[in-house]
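Take a look at the structure below.
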Amino acid sequence: VQLQASGGGLVQSGDSLRLSCAASGGSFSSLNVGWFRQVPGKEREGVAAIAGREGKRYYAGAAKGRCVISRDKDNANHTVYLQMYRLKPEDTAVYYCATDSTGWNIVLPTLLAELYDTWGQGTLVTVSS
């Protein structure tokens, strides 16, 4: 399965933005999916994750409380979204989505990057003040 992240762009502080992560070459509708972000020169940060089974969600980091991860199982692309609210300049980063294609853990959402083996190419979000 390959992942395609999209939806990034230039927004103003306080705006909302929805990122999308679409799968191709397979489905990830029953797999864990995570959103991460990274600023050049800084460590990657986990933002939100959703479990494959029952859709449990987990949030972490500075964006916690200002974003919602969701999964759309009703369309052929089986897209996972990250809706972000009240964006701040410090949210500026490249956002990546990832999935664990092995499916060994589909019960608990996780933001341990090492547990994800398939990553999208990233989409840049820039928040101006």
Side-chain angles (χ1 to χ4, degrees):
V1 61
Q2 293 84 42
L3 304 183
Q4 178 76 35
S6 62
L10 175 63
V11 297
Q12 293 187 338
S13 182
D15 283 354
S16 298
L17 193 67
R18 188 177 77 166
L19 305 181
S20 300
C21 178
S24 62
S27 173
F28 66 177
S29 61
S30 297
L31 302 176
N32 282 12
V33 176
W35 280 99
F36 298 80
R37 66 185 184 184
Q38 189 167 24
V39 175
K42 295 187 176 182
E43 291 195 1
R44 180 170 47 198
E45 176 188 23
V47 179
I50 186 167
R53 180 182 294 175
E54 299 180 359
K56 292 181 180 179
R57 299 170 174 84
Y58 176 70
Y59 301 92
K64 185 178 181 180
R66 298 186 292 112
C67 62
V68 176
I69 187 171
S70 62
R71 186 194 300 269
D72 182 358
K73 291 189 176 182
D74 295 331
N75 63 40
N77 291 328
H78 300 292
T79 305
V80 171
Y81 303 99
L82 182 68
Q83 177 71 54
M84 303 186 70
Y85 305 93
R86 303 188 303 278
L87 284 162
K88 303 176 181 181
E90 49 265 44
D91 293 319
T92 295
V94 177
Y95 285 72
Y96 299 89
C97 61
T99 191
D100 170 19
S101 67
T102 68
W104 76 272
N105 169 32
I106 59 172
V107 176
L108 297 176
T110 178
L111 286 173
L112 293 175
E114 57 266 33
L115 296 183
Y116 291 93
D117 63 349
T118 302
W119 293 77
Q121 86 292 354
T123 184
L124 176 63
V125 174
T126 303
V127 184
S128 63
S129 57

W35 with V68, same ILVMFWY side-chain cluster at under 4.5 Å: yes
Residues passing the side chain to side chain contact (heavy atoms under 4.5 Å, CB included) test with Y58, sequence neighbours excluded, are A60, P109, L111
Could you name each residue pair satisfying side chain to side chain donor-acceptor pair (under 3.5 Å) that touches residues 3-17, not counting sequence neighbours? none
CD1 on I106 to CG on D100, rounded to 0.5 Å: 10.0 Å
Can you tell me which residue pairs pass the disulfide (SG to SG under 2.5 Å) test with a partner in residues 99-129, sequence neighbours excluded? none
List the atom pairs, donor and acceptor, that lie under 3.5 Å between side-chain atoms in residues 120-129 and the rest of the protein, sequence neighbours left out.
residue	atom	partner	partner atom	Å
Q121	OE1	A5	N	3.4
Q121	NE2	A5	O	2.9
T123	OG1	G8	N	3.0
S128	OG	V11	O	3.2

Paired with R53, the side-chain contact (heavy atoms from CB on, under 4.5 Å) test is passed by just one of N105, L108, V107, namely V107
Taking all non-hydrogen atoms of both residues into account, name the closest pair between C67 and Y59 and its distance. O-CE2, 3.4 Å
How about L3 and T118: do any of their side-chain heavy atoms sit closer than 4.5 Å? yes
side-chain hydrogen bond (donor to acceptor under 3.5 Å, both in side chains) with R18: which residues, sequence neighbours excluded? none
Can you list the residues that meet the side-chain hydrogen bond (donor to acceptor under 3.5 Å, both in side chains) rule with S101, with sequence neighbours excluded? D117
Residue pairs fulfilling ring-ring contact (aromatic ring centres under 6.0 Å, His included) with at least one residue in residues 108-129, sequence neighbours excluded: F36-Y116, F36-W119
Heavy-atom closest pair, residues A51 and R71: O-NH2, 3.2 Å
Nearest heavy-atom contact between L17 and G9 is CD2-N, 4.4 Å
What disulfide (SG to SG under 2.5 Å) pairs are there with at least one residue in residues 81-129, not counting sequence neighbours? C21-C97
For residues A49 and T110, report the shortest heavy-atom separation together with the two atoms involved. CB-O, 3.2 Å
According to side-chain hydrogen bond (donor to acceptor under 3.5 Å, both in side chains), who are the partners of S70, at least two apart in sequence or on a separate chain? none
Which residue pairs pass the side chain to side chain donor-acceptor pair (under 3.5 Å) test with at least one member in residues 82-96, sequence neighbours excluded? R37-D91, R37-Y95, R66-D91
Sequence neighbours left out, what passes side chain to side chain contact (heavy atoms under 4.5 Å, CB included) with E114? Give chain and number order. L112
Identify which one of D72, T99, I69 satisfies the side-chain contact (heavy atoms from CB on, under 4.5 Å) criterion when paired with V80. I69
Looking only at atom types and distance, does a side-chain atom of N32 sit under 3.5 Å from a main-chain N or O of G103, one as donor and one as acceptor? no
